[in-house]
Enquirer: 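One structure, pasted below without further comment.
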Amino acid sequence: MKKRKNNNFLLTDNQMAEFVSKGYLIFDNIIDNKINKKFLSEIGHTSTSLNKKNTDQAWLAEHYNEIMKTSKIPLVKAGTPLKKAYKKNSALNDVINNPVLSGAIKSLVGDKPKLDHHFLHITFPSKYYHDANQKISQGNHNDCVIDPREKTFDIQLFYFPTAVEKNMGGTRYIPGSHFRMVNEMAIARYHNIRGQKHVVCPAGTVIIFHHNIWHGAGINNSKKIRYGFKIRLMPTQKQVKLWTKKTYKNNHDEEALYWNRGIEKNSIKEILQKTEPWFEADSGRLDILNRIRLWRHITNDKNFDAAYWLTRIENDYN
Amino acid sequence: MKKMYTSILVKSKTIALFFWNIKVILNIIMKKQDILILYLSNSSLESNVIGWARHYGNKKKIGMPGDNDSPPYERGIEAIHDGWRLFQSSQLEQHAKGDEYRTGYLKYEFFFEKIK
């Protein structure tokens, strides 16, 4: 993380490449406990809220509705500039103005993003659900219909105000799935994918996801409520060199595929070529091509390549 | 008296046999299907498992998203070795012009069943 003269933290080249490659960045424990407590208080969470004797589903729906009605989470119109979305003294304003997070937001979607929507996900312990369907984890999906954009992307901040323990069924997500153009729940048939991850994190963690990443909620087998607050942001400008003023120019000093001295560890080229355990032998290569294409776009370096993945198919003299 | 007891015994055995046969027939009719879906890393059954789902005929067992981070088999063929019967696999399709580099759904899907 770089700290600039104007006190803004911006992502590093490697973090940007990680986002391009994996489709997410994790900021563990980035929000301090005071703000987490403030957020919980603003949404009306009480530690005794689950001690009620009435554990039927009607009470549960009532409890959820009550939180929606009485919480201080504002009703924000779609398209509201992020800067105007939250009141100055609110916990959510503190969250988005966290210096590291606001630097990351600026790096990914610029300094004038609009809020698409936000939502408080509340997952109660599974024993509170009586309907069998609600005792099943959520199917894998992405948060969009077929999205044809190849270069522009939205981001989704997932803020976890309390710790998410393993048995709490934290969000399952598939690293590197964000280039796959699918239609929302159409992928629910894929129950498990090799390399899938589950959110397990300390309180105050924020994960920034590419809008197209495959994910699904797990079952909460603990005795505690699991909260996740989602904020979806869209850019209002081209996402080119938003984190840096550096000029990128590929030097064409490419390591050849396979027969080489090893790609430099943690270099941009290594990050972009790292395959996921679930990549098919053929489509996985296309995912690498798509990463390189996105990196070319966000760095404005039209000649960038890694191991000639793109140069090879662009060498056309007809 | 002895004849009467013998007759009752024979009748009881016949009734028991009748119900036992019904049970056998019902078991045959009511056999249930377990489903295994595997996604492989290429179109060969010998390739690695990259995704999977289980569904059970027994309604007391539920296969659900995220229920296991480790695949049931390393390679598709191991399911066959383990008694699963393959009944469907995806076709190889030509890439649509202009869309050759777009990635989407997992391509190599194999459906297996076991009748229990």
Side-chain angles (χ1 to χ4, degrees), chain A residues 132-133 135-142 146 148 150 169-174 176-183 185-198 212 214-219 275-293 309-310 313, chain B residues 34-56 58-76 78-79 88-113:
Chain A
N133 285 337
K135 285 180 179 286
I136 296 176
S137 53
Q138 188 186 29
N140 281 320
H141 64 284
N142 64 358
I146 301 167
E150 288 179 342
T171 311
R172 162 184 9 96
Y173 58 98
I174 319 298
S177 56
H178 53 302
F179 288 108
R180 301 276 173 143
M181 192 201 261
V182 296
N183 192 357
M185 287 298 278
I187 54 170
R189 181 184 283 176
Y190 310 153
H191 278 191
N192 295 286
I193 294 177
R194 204 187 270 259
Q196 65 194 9
K197 293 189 182 295
H198 309 263
N212 203 40
W214 296 3
H215 65 284
I219 294 182
T275 56
E276 297 299 335
W278 62 275
F279 275 5
E280 299 106 326
D282 55 346
S283 302
R285 290 182 167 203
L286 299 183
D287 283 314
I288 292 173
L289 262 60
N290 290 329
R291 289 171 176 173
I292 296 170
R293 282 190 169 131
W309 281 107
L310 283 180
I313 56 171
Chain B
D34 280 1
I35 298 285
L36 170 69
I37 313 172
L38 294 182
Y39 298 90
L40 304 185
S41 63
N42 65 44
S43 60
S44 167
L45 253 186
E46 303 285 344
S47 64
N48 291 334
V49 175
I50 58 162
W52 62 97
R54 286 287 299 267
H55 301 278
Y56 303 91
N58 179 350
K59 67 181 179 184
K60 286 178 185 168
K61 292 175 91 176
I62 302 171
M64 67 174 85
D67 59 6
N68 202 330
D69 292 338
S70 302
Y73 304 105
E74 280 303 307
R75 297 182 301 133
E78 290 172 19
Q88 183 176 301
S89 65
S90 50
Q91 299 294 304
L92 287 177
E93 288 177 2
Q94 190 56 38
H95 309 286
K97 194 162 174 60
D99 212 24
E100 297 91 341
Y101 298 99
R102 182 98 71 179
T103 54
Y105 301 97
L106 299 179
K107 282 171 74 177
Y108 307 114
E109 182 180 72
F110 295 78
F111 273 74
F112 302 85
E113 68 174 359

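Letters go in sequence order (proteins before strands), and every chain restarts at 1. The figures here come from the full heavy-atom set of this structure, side chains too, leaving out hydrogens, waters and symmetry mates.
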Enquirer: Using 0.5 Å steps for rounding, measure from the CD1 atom of I219(A) to the CG atom of D67(B).
Expert: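 Output value for this atom pair is 9.5 Å.
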Enquirer: What's the verdict on side-chain contact (heavy atoms from CB on, under 4.5 Å) for K197(A) and D69(B), showing C-alpha distance, side-chain angles and the deciding distance?
Expert: CA-CA 8 Å; K197(A) 293 189 182 295; D69(B) 292 338; over 6 Å; no
Enquirer: Counting C-beta onward and ignoring hydrogens, is there a side-chain heavy-atom pair between D282(A) and Y108(B) closer than 4.5 Å?
Expert: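 Side chain of D282(A) against side chain of Y108(B), heavy atoms only: contact under 4.5 Å found.
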Enquirer: Heavy-atom distances under 4.5 Å only: say whether L106(B) touches chain A with side chain, backbone, both or neither.
Expert: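 Contact with chain A involves both backbone and side-chain atoms of L106(B).
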Enquirer: Test Y39(B) against R189(A) for side-chain contact (heavy atoms from CB on, under 4.5 Å), laying out the working first.
Expert: CA-CA 11 Å; Y39(B) 298 90; R189(A) 181 184 283 176; 3.0 Å; yes
Enquirer: When only pairs under 4.5 Å are counted, which of R285(A), E276(A), E150(A) shares the most heavy-atom pairs with chain B?
Expert: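 Ranked by contacts with chain B, first place is E150(A).
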Enquirer: Evaluate I50(B) against I193(A) for side-chain contact (heavy atoms from CB on, under 4.5 Å), listing each step before the verdict.
Expert: CA-CA 6 Å; I50(B) 58 162; I193(A) 294 177; 5.9 Å; no
Enquirer: Shorter than 4.5 Å, heavy atoms on both sides: which option in N290(A), N140(A), I187(A) has the most such pairs with chain B?
Expert: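 Greatest number of close heavy-atom pairs with chain B: N290(A).
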Enquirer: Do you know the tightest heavy-atom contact between A186(A) and Y105(B)?
Expert: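 It is CB-OH, 3.5 Å.
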Enquirer: Are N68(B) and H191(A) linked by a side-chain donor-acceptor pair shorter than 3.5 Å?
Expert: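 Per modelled atom types, N68(B) and H191(A) side chains form no pair under 3.5 Å.
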Enquirer: On the six-membered ring of Y101(B), is R293(A) placed so that its NZ or CZ lies under 6.0 angstrom from the centre and within 45° of the ring axis?
Expert: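 Yes.
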Enquirer: For R194(A) and V49(B), which heavy atoms make the closest approach, and how far apart are they?
Expert: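 Looking at all heavy atoms of both residues, the closest pair is NE-O, 2.8 Å.
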Enquirer: Should Q138(A) and P65(B) count as side-chain neighbours, where that means a heavy-atom distance under 4.5 Å?
Expert: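 No, side chains not in contact.
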Enquirer: To the nearest 0.5 Å, what is the distance between CG on L286(A) and OG1 on T103(B)?
Expert: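 Here the rounded value is 6.5 Å.
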Enquirer: Identify the two heavy atoms, one from L40(B) and one from E280(A), that lie closest to each other, and give their separation to 0.1 Å.
Expert: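 Closest heavy-atom pair between L40(B) and E280(A): O-CG, 4.0 Å.
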Enquirer: Crowded around E100(B) CD? As in, over 12 foreign heavy atoms under 6.0 Å?
Expert: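 Enclosed.
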